[in-house]
Amino acid sequence: MAIRATKLCRSLLHFHYSLRQFSSIHLITSSQILEESIKAAVESKTYQKIPDLLISLEGTCINPNPFSFLSTFPVNLRSQIVDEILQSFIPLRPRSRPQTAYSCLLCFTLQSPNPLPLALAILQRTLRSGCIPVPQTHLLLSSAWLARRQQSQSVCNILSEMQSIGYHPDSGTCNYLISSLCTINQLVEAVKVLKSMGHVGCIPDLESYGSVICAMCAVRRTTDATEMMKEMVAKIGLTPRQGTVLNLVAALRAKKEIWKAVEMIEFFEREDFNAGFASYESVLEGCLECHEFVLAGKVVMGMTAKGFIPYIGVRQKVVEGLANLGEWKLALAVRQRFAELRS
């Protein structure tokens with residue numbers, strides 16, 4: 001009985017091994033067929049067939065990459081072919097149809113020697129088509145970017161190289177680069193890209209500043225985040241998103257820098273920007289946490305002037321805190337303001 005069981009186990013193991021071998025061979029064969037099919041489409045310049053060849057792969061970076069054969073081409077010819085592929089995809093509908101092709105091209109290029117500026121051109125066409133690059137693009141792009149920057153090349157020069165292959169930097173491409181650098185905590189480099197955008201013909205927007213400010217807030221670099229916010233509003237004239245403001249206020253509150261948080265709210269008021277109820281409420285609650293009741297009373301006056309009424313529990317704590325400090329005049333003023341708003 002034991003001998004039969006042993007033979008059965010050996011048979012099953014052999015079958016399992018054979019099945020795995022068959023699966024591997026089948027996978028390799030399928031990959032080779034796919035690459036050969038794409039190579040044929042490239043050689044015949046029937047580029048619009050490529051998305052349909054890749055359509056079943058659901059936007060993932062395939063290994064091996066089906067565009068690997070391009071690595072055998074001279075750099076200039078490879079750039080020309082990629083450009084022709086990108087241009088051929090523009091009229092395709094729906095615009096998301098080349099999603100997987102974009103992903104594979106971008107992954108292949110970013111992992112090739114000297115990937116820039118060609119990778120930036122592919123990224124631009126990807127974003128303009130409404131497609132989203134695969135998540136690993138952030139790491140691949142930021143690594144390629146930093147490698148070029150280590151060669152003592154300026155941000156403007158690297159971005160301007162896109163013109164040498166018929167493309168121009170735009171806000172979408174730069175914003176994705178900024179976001180990628182922020183993802184790996186390269187905030188200084190991200191700020192340099194943001195500051196250089198105007199020099200290469202594209203203006204920083206809410207996305208540019210928002211990515212940097214939120215990344216700074218995440219690592220509690222509140223002083224830098226505050227300066228960036230002021231620059232965005234006062235110098236550039238942009239109106240920040242409520243979420244970005246709330247992130248900054250929350251970071252200041254977490255560091256107990258409540259006076260700076262109040263100063264930011266006052267800055268927004270001077271710039272005639274409505275910071276929103278959530279930001280006012282967060283600052284007010286931060287004042288109470290730090291036992292800054294007089295400051296809380298002043299925040300309440302500014303908050304109610306905007307038509308915002310604090311939650312009832314917060315109102316009570318403000319009035320009680322002022323009363324305990326003997327700040328009767330301010331306590332009465334706050335209480336009267338609540339009464340005027342029929343709270």
Atom pair [atom1]/[atom2] of [X] and [Y] - distance to nearest 0.5 Å:
{"X": "Ile50", "Y": "Lys39", "atom1": "CD1", "atom2": "NZ", "value": "13.5 Å"}
{"X": "Cys156", "Y": "Lys192", "atom1": "SG", "atom2": "NZ", "value": "12.0 Å"}
{"X": "Leu330", "Y": "Lys298", "atom1": "CG", "atom2": "NZ", "value": "8.0 Å"}
{"X": "Met228", "Y": "Thr223", "atom1": "CE", "atom2": "OG1", "value": "13.5 Å"}
{"X": "Tyr209", "Y": "Leu194", "atom1": "OH", "atom2": "CG", "value": "5.0 Å"}
{"X": "Ile122", "Y": "Asp83", "atom1": "CD1", "atom2": "CG", "value": "10.0 Å"}

With side chains defined as the heavy atoms from C-beta onward, is the minimum distance between [X] and [Y] less than 4.5 Å?
{"X": "Leu252", "Y": "Thr226", "value": "yes"}
{"X": "Ile90", "Y": "Arg125", "value": "yes"}
{"X": "Leu120", "Y": "Tyr167", "value": "no"}
{"X": "Leu187", "Y": "Asn185", "value": "yes"}
{"X": "Tyr102", "Y": "Leu86", "value": "yes"}
{"X": "Leu70", "Y": "Leu105", "value": "yes"}
{"X": "Leu206", "Y": "Met232", "value": "yes"}
{"X": "Val42", "Y": "Glu84", "value": "no"}

In terms of hydrophobic clustering (I, L, V, M, F, W, Y; side-chain heavy atoms under 4.5 Å; direct or indirect links), are [X] and [Y] co-clustered?
{"X": "Leu332", "Y": "Val299", "value": "no"}
{"X": "Trp259", "Y": "Met303", "value": "yes"}
{"X": "Leu322", "Y": "Met301", "value": "yes"}
{"X": "Ile184", "Y": "Val212", "value": "yes"}
{"X": "Val193", "Y": "Leu139", "value": "yes"}

Just do the side chain to side chain contact (heavy atoms under 4.5 Å, CB included) check on Thr126 and Thr137 with the steps written out, would you? CA-CA 12 Å; Thr126 302; Thr137 305; over 6 Å; no
Is there a donor in the side chain of [X] and an acceptor in the side chain of [Y], or the other way round, less than 3.5 Å apart?
{"X": "Tyr311", "Y": "Glu281", "value": "no"}
{"X": "Trp145", "Y": "Glu189", "value": "yes"}
{"X": "Gln87", "Y": "Tyr47", "value": "no"}

Looking only at heavy atoms, what is the nearest atom pair of [X] and [Y], with distance?
{"X": "Leu77", "Y": "Phe73", "value": "CD2-CD2, 4.1 Å"}
{"X": "Arg220", "Y": "Ala251", "value": "CD-O, 4.2 Å"}
{"X": "Pro91", "Y": "Gln48", "value": "CG-NE2, 3.7 Å"}
{"X": "His138", "Y": "Ser180", "value": "ND1-OG, 2.7 Å"}
{"X": "Ser71", "Y": "Phe108", "value": "N-CZ, 3.7 Å"}
{"X": "Glu35", "Y": "Asn65", "value": "OE1-O, 4.0 Å"}

Look only at the side chain of [X] and the backbone of [Y], and say whether a donor-acceptor pair between them is shorter than 3.5 Å.
{"X": "Glu285", "Y": "Val314", "answer": "no"}
{"X": "Thr109", "Y": "Leu106", "answer": "no"}
{"X": "Gln111", "Y": "Leu140", "answer": "no"}
{"X": "Gln99", "Y": "Ile132", "answer": "yes"}
{"X": "Ser154", "Y": "Asn157", "answer": "yes"}
{"X": "Ser179", "Y": "Asn175", "answer": "no"}
{"X": "Arg337", "Y": "Thr304", "answer": "no"}

As a quick check of understanding, evaluate side chain to side chain contact (heavy atoms under 4.5 Å, CB included) for Ile213 and Asn247, giving each step before the final call. CA-CA 8 Å; Ile213 292 171; Asn247 271 334; 6.0 Å; no
Is the count of non-hydrogen atoms from other residues, nucleotides or ligands lying under 6.0 Å from Arg78 atom CZ greater than 12?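 Counting other residues, nucleotides and ligands, CZ of Arg78 exceeds 12 neighbours.
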Counting only heavy atoms not in Asn114, do more than 12 fall under 6.0 Å of its CG?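 No, the 6.0 Å shell around CG holds no more than 12 heavy atoms from other groups.
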Run Val334 and Phe293 through side chain to side chain contact (heavy atoms under 4.5 Å, CB included) and show every step you take. CA-CA 11 Å; Val334 168; Phe293 296 107; over 6 Å; no
When you look at Ser44 and Lys49, which way does the side chain to side chain contact (heavy atoms under 4.5 Å, CB included) test go after all the steps? CA-CA 10 Å; Ser44 62; Lys49 291 181 178 179; 5.7 Å; no
May I ask you to decide whether Glu207 forms a salt bridge with Arg241, counting only side-chain N to carboxylate O separations under 4.0 Å?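 Yes, charged N to carboxylate O under 4.0 Å.
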Determine all donor-acceptor pairs shorter than 3.5 Å in which one atom belongs to a side chain in residues 261-278; sequence neighbours excluded.
from   : atom 1 : to     : atom 2 : distance (Å)
Glu269 : OE2    : Tyr280 : OH     : 2.7
Asn274 : OD1    : Gly276 : N      : 3.0

Could you pull out all residues at least two apart from Arg95 that satisfy side chain to side chain donor-acceptor pair (under 3.5 Å)?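 Checked Arg95 against side chain to side chain donor-acceptor pair (under 3.5 Å); zero matches.
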Looking at Lys255, Lys317, Arg253, which one forms a salt bridge (charged side-chain N to carboxylate O under 4.0 Å, His left out) with Glu289?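 Of Lys255, Lys317, Arg253, salt bridge (charged side-chain N to carboxylate O under 4.0 Å, His left out) with Glu289 is met by Arg253 alone.
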